[in-house]
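Note sheet for the following structure.
Lettering follows sequence order; numbering is per chain, from 1.
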There are 2 protein chains.
Amino acid sequence: MWRNIKQQTRNAVRFAAVAATAACLGSPALAQEQPAKVELSGGHVSQLQQIAQERGLNVDDLVAAAKTFTPSGKHDEYITFASGGHSGQIFVIGVPSMRQLRTIAVFTPEPWQGYGFGAGEHVLKGGDLDENHKIRWGDTHHPALSETNGEYDGQFLFIGDKANARIAVIDLKDFETKQILKNPITLSDHGCGFVTPNTDYIIEGGQYANPLGNTYAPIDQFKKAYRGMTTLWKFDRAKGRIDKDQSFAIELPPYHQDLFDAGKGASDGLLFGNSFNAEAAYGAIEKGEAPLEAAASQKDMDYLHVIDWKKAEQLVQAGKVEVINNFKVLRLDTAIKEGAIWFIPEPKSPHGVDVTPDGEFVIVSGKLDPHVTVYSTAKIKAAIASGKIASKDEYGVPVLDFDACKETQVEVGLGPLHTQFDDKGYAYTSLFLDSAICRWTLGGKLAKHGEQPWKVSGKAPMQYNIGHLVTAEGDSASPDGRFMIGMNKWSVDRFFQTGPLLPQNFQLVDISQGGDKMPVLYDLPIGNGEPHYAQMIKADKLKPFDVYPEVGWNPETGTVDPKAPMPGDEKVVKEADGKVHVYSTVIRSHFTPENVEVEEGDTVVWHLNNLEQAPDATHGFCIAGFNINLSLEPGEAQTIEFKADRAGTYPFYCTEFCSALHLEMMGYFQIKPKAAAQAK
Amino acid sequence: MWRNIKQQTRNAVRFAAVAATAACLGSPALAQEQPAKVELSGGHVSQLQQIAQERGLNVDDLVAAAKTFTPSGKHDEYITFASGGHSGQIFVIGVPSMRQLRTIAVFTPEPWQGYGFGAGEHVLKGGDLDENHKIRWGDTHHPALSETNGEYDGQFLFIGDKANARIAVIDLKDFETKQILKNPITLSDHGCGFVTPNTDYIIEGGQYANPLGNTYAPIDQFKKAYRGMTTLWKFDRAKGRIDKDQSFAIELPPYHQDLFDAGKGASDGLLFGNSFNAEAAYGAIEKGEAPLEAAASQKDMDYLHVIDWKKAEQLVQAGKVEVINNFKVLRLDTAIKEGAIWFIPEPKSPHGVDVTPDGEFVIVSGKLDPHVTVYSTAKIKAAIASGKIASKDEYGVPVLDFDACKETQVEVGLGPLHTQFDDKGYAYTSLFLDSAICRWTLGGKLAKHGEQPWKVSGKAPMQYNIGHLVTAEGDSASPDGRFMIGMNKWSVDRFFQTGPLLPQNFQLVDISQGGDKMPVLYDLPIGNGEPHYAQMIKADKLKPFDVYPEVGWNPETGTVDPKAPMPGDEKVVKEADGKVHVYSTVIRSHFTPENVEVEEGDTVVWHLNNLEQAPDATHGFCIAGFNINLSLEPGEAQTIEFKADRAGTYPFYCTEFCSALHLEMMGYFQIKPKAAAQAK
């Protein structure tokens, strides 16, 4: 009888698999061909009018609906990877449908993905301060797709944790986090990550200055003992991991560094980063002094940091570094002496720094200044080459002349934060205080807009208080235009009230028209985290696995696990390491073995192998009472280790609804009491 | 200067708040009035046709888009609370837009909500096995809204954790989890929760039989030593908490109880629950025997459990209980002897048991039987009253005659799981193996469909393998019809491939038409958990807070925290308890104090109070390196306690982007090394 049921289930799965194949062959092909002509009859028009009237929609709404609605089985054109802010995760969102396709667990354990509940521990441990100070969340801000020649290549994704100065590597073959590293010398970052044009390095810009090496120094020694930093993490693409030994940090003054961007094209080899506390102030409101928000906002100019990273790399390779906490640090004095760092004044409390697609210009938004400031790469290079230094900062960094480096300024509005680009030579700047986006014209070779350069072309409101914005392929050397997402900080009244904690919201904007015409096509609440930045890539650049390449696959090593049990290998055995090893196979709809008994005090190492090879045939594995849950995707093997320190009877079962007899996919894990075991 | 900035920020916020007020006054009112007539001109029609053609949409797609697209600022009509499966959470989804409005963290710590990273620890601890066995995830299956007279009242939400037999209470004033309780006698449940019609009790049906009290018993003593259970958790509505002392469990045979439903109307006072292992089998594939999926599927009939919960309550109040692990258990023998429990045969491996809105019928789906079986409440009561017992099961439970209790059977298709209802007397049953939904006609007083009763009326495919389904107000005494969501287990090819782990998917179905016409209006990927069941409530029944009622509000106690610091109260002081207490106020854009120094080894108790009163003015609070992050919503006070055991300098900052000077909202937490402190 149960074989019949299995057959039925298999048939159902086969049906699904066949449908999958058909769709894979069909859908993208259809998207290329001219689809059948759509004719709306008078009846259809009446029906649409009636629905619109009943639902309070207008004609623009119907158009927006048609531009975004993506029926079952049709896939999105673009995939957006958005940071999840203090959720610690990354959100994967389809464009134009604006559906959240998946969360990628990065810094925070997430049991649906089986991350941090038995599996993934090794990855998470990489981000701990030490054995006794585990960190199991993060504040993700800036996801960065890997690039080849300045173009997104769809292979890897990187993101930083602002709260603890950490960086993570995600492999886009399986959308899983493969590596987390703690920055050894500081405790906070912000501009992380941004990649160099061939992903040689991932840039981690610092944030709040700290005594380097995470030591104690009284706050009144701020200027003397505290330092900023930027870290260049060397990426080994073949291994898909950061090589910590080849990575290094650069010491910076305690100016609260903020966002960074790597030069490309004309500016390849340079790094640009800003900072918002040229006062090197700290707040002391508790002493009746000004809080930091005032103390750090006194000067009219802060410092745009310009770093020659290729020069810095040479200095590091030449051994001109100091080692702090086993990590190479290029000291500021060395960087200055060797000509690897310069500052340029930048207007007031800057936030975003964005290099144009051709690398010719660097755009800085001072959040307390209504302009964006456009710097010319050619002028910066000329200023450096000239050797003319306008001044030096308190820490001896040469400051280039503002006017010598500046191309122009464009008055965009209040609270400009970030700038993105399209395919016609328009730039788009988010305006936090104006709660709007501003479209303005670039000059130079990118200008294909037919308008005067460096002028405001249009403005459109956002609801409310936009932070970042992202355009399709917007950080690459060749942005696509068409779509922009405004990443708004306050939703207030946009959605149904879900208690005092409201979602952030993403507004998808059509930027394919001109001037002020930037209609909001879709308003997506983000109620599971606070995205800051995102990158949007053409979907067809991503080539993920549908199932793991071979049964027994270890997603962490990217190879078949030699200990992954195959059918016939199932057993429970005490091995030479003194631990009880359980070898289990997993297939619809049973585990083998179904009953596992150990003795109280045993250390258990459980090897599981999901033998399935059909797409979507994921199994879960949890043990009641043990804080363990795995997500075993088709072909995946996992090994967990735990102490059986509490006598009792613990059901284990498959947590992923896998077949009609899914509920029967369970067994019992028995821990025989020590007394009973000894009496044996 | 910084005051000007603050003013600008405040203006921006005021703008948002004004917009909010306007929308609150405007939108719902507009929804009531007849909106302006929508006229599509020839130009509009051409535009829609062109968009449709370019995007490969057909006319049905345009209609579905118009029925679901919800423009910025317009709110959804219904709110769906879906379980998050092994994510451990609940997802809040608007209907018809199908946007995920918010995740509610329940069993799994979630830092965006500040749950389990300093705050919420007390709630999470309620679900631990013991001090040394913390559980920080869950497998949520069945959310249950509180009811008054069988109608959803929008006040509370309950959900169980299948993996560890726990129950949680969520207050819909702020959408936060207020209580988690571990079931003291078992380690797994499934049918949790279902409420009695006035929420006197929340029902937790068991799942995998276990030795009661979580003890060890060898698997070969399964029939003798293992037992099922159902637990009735007494809800104290005034306190908004479960009263554990007034709660009790009922011992049941080891049949792997599954879903439950409380009677209502005609069946008020009864509980119905099913079970899928009348064989009382366990799998032993490791011994060459049949796995559980076969061993538990031998008999043609399992047992529908009928429990007189009002009788059981009387027995408990009369002290006829045994206490196991400090929890009242009504033993099976007592329940039998006192006439509180009966069985009725039910066809093969049942899954869903669903009481009709009037309580007249009980519908069981045997997942290995192509029928739904309809039992009549009147006939069950008559059979009980007659005293005629067809047989007794192995454990002495009286078994009523199947035919005497059965109203009818309807052949719906392969793999029927769950049944929901509409306002016309149709029932909707999900078919896992057919990957479809079946619409069929009820008989009795609810039949307003004008068709023959107990007949299949239509069928529609789902993509793929539907588990549960939910209709608008579908478990209440008066379902709304209109919308149904199919909660599908396999998405396979429906969305862009996000690695081997694919989302589940929700399909919104229009059930307002007739027969087979049940078009899918929207296909929503669920890529952050695996929902099992959901309930859908009219949005206007929910009356959440927009901000907390008073500044200094403690969300756990629902009162003002007397220790919440108000302006002027800010200080750092060692109190009589030997701990260093920090009193901080939080307001755009600074913390007071901004610098806090303690000595290595100090225990720190940090009291924070968000003074904001504008909706959406949430602040975060994290301390680098300490695994601490809070979400302080407007008016909210929180207290955290931790050991300052690692000397160093730790930035703290606001993790929620709150103003233009949000990045400046930070301070330093200093831990002076012990040596330095002693030398002082």
Side-chain angles (χ1 to χ4, degrees), chain A residues 2 16 20 23 35 38 49 51-52 56 61 65-66 69 71-72 75 86-87 102-103 111-112 137 163 174-175 187-188 208 216 219 283 285-286 291-294 464 489-490 492-493 496 498-500 502 523 527-529 544 589-590 592-595 616 622 624 633 647 651 655 657 661 664, chain B residues 2 16 20 23 35 38 49 51-53 56 61 65-66 69 71-72 75 86-87 101-103 111-112 137 163 174-175 187-188 208 216 219 283 286 291-294 464 489 492-493 496 498-500 502 523 527-529 544 589-590 592-595 616 622 624 633 647 651 655 657 661 664:
Chain A
W2 69 278
V38 183
Q49 287 179 166
I51 295 166
D61 295 333
F69 180 82
S72 186
H75 294 185
H86 40 307
S87 77
R102 155 159 198 191
T103 295
W112 171 64
W137 76 289
D174 60 4
F175 286 53
L187 269 166
S188 110
Y208 303 121
Y216 166 83
I219 192 68
I285 196 169
E286 69 279 3
L292 184 66
E293 59 176 319
Y464 302 96
K489 293 302 174 188
W490 291 53
V492 190
D493 62 333
F496 176 81
T498 51
L502 295 175
D523 208 342
N528 48 345
S589 291
H590 56 269
T592 305
E594 288 181 296
N595 298 287
D616 212 358
C622 79
E633 285 117 46
T655 39
F657 203 118
L661 291 175
E664 286 79 353
Chain B
W2 68 278
V38 182
Q49 287 179 165
I51 295 166
Q53 192 164 343
D61 295 334
F69 180 81
S72 186
H75 294 186
H86 39 307
S87 77
L101 298 171
R102 159 162 193 187
T103 295
W112 172 65
W137 77 289
D174 60 4
F175 286 54
L187 269 165
S188 107
Y208 304 122
Y216 166 83
I219 192 68
E286 69 279 3
L292 184 66
E293 59 177 318
Y464 302 96
K489 293 302 175 187
V492 189
D493 62 333
F496 176 81
T498 51
L502 295 175
D523 207 341
N528 48 344
S589 292
H590 55 269
T592 306
E594 287 181 297
N595 297 287
D616 212 357
C622 79
E633 287 115 47
T655 39
F657 203 117
L661 290 176
E664 286 79 354

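- Most heavy-atom pairs under 4.5 Å with chain B: of the set A/D523, A/D174, A/L502, A/T498, this distinction falls to A/T498.
- Under the 30°/60° scheme for interplanar angles, the aromatic rings of B/H75 and A/F496 are found to stand perpendicular.
- Remark: the backbone N or O of B/A294 is not paired with any side-chain donor or acceptor of A/E664 at under 3.5 angstrom.
- Here the side chain of A/H590 pairs no donor or acceptor atom with the backbone of B/P291 at under 3.5 angstrom.
- Only the side chain of A/I51 comes within less than 4.5 Å of a heavy atom of chain B; its backbone N, CA, C and O stay farther away.
- For chain B, the option among A/G527, A/P651, A/A624, A/G499 with the highest count of heavy-atom pairs below 4.5 Å is A/G527.
- A pairwise comparison of heavy atoms in A/D616 and B/V492 identifies OD2-N, 3.0 Å as the closest pair.
- Most heavy-atom pairs under 4.5 Å with chain A: of the set B/A647, B/A163, B/S188, this distinction falls to B/A163.
- Chosen from B/T103, B/D61, B/I219, B/T655, the residue pairing most often with chain A at heavy-atom distances under 4.5 Å is B/T655.
- Residues B/N528 and A/R102 form no side-chain contact, since every pair of their non-hydrogen atoms from C-beta on lies 4.5 Å or further apart.
- The greatest number of non-hydrogen atom pairs below 4.5 Å with chain B, out of A/P544, A/P111, A/S87, is found for A/P111.
- Within the 3.5 Å criterion, the main-chain N or O of A/S589 finds a donor-acceptor partner in the side chain of B/E293.
- Chain A forms the most heavy-atom pairs under 4.5 Å with one residue out of B/S72, B/P71, B/C622, and that residue is B/S72.
- A/E594 places no side-chain N or O within donor-acceptor distance of the main-chain N or O of B/E286, the cut-off being under 3.5 Å.
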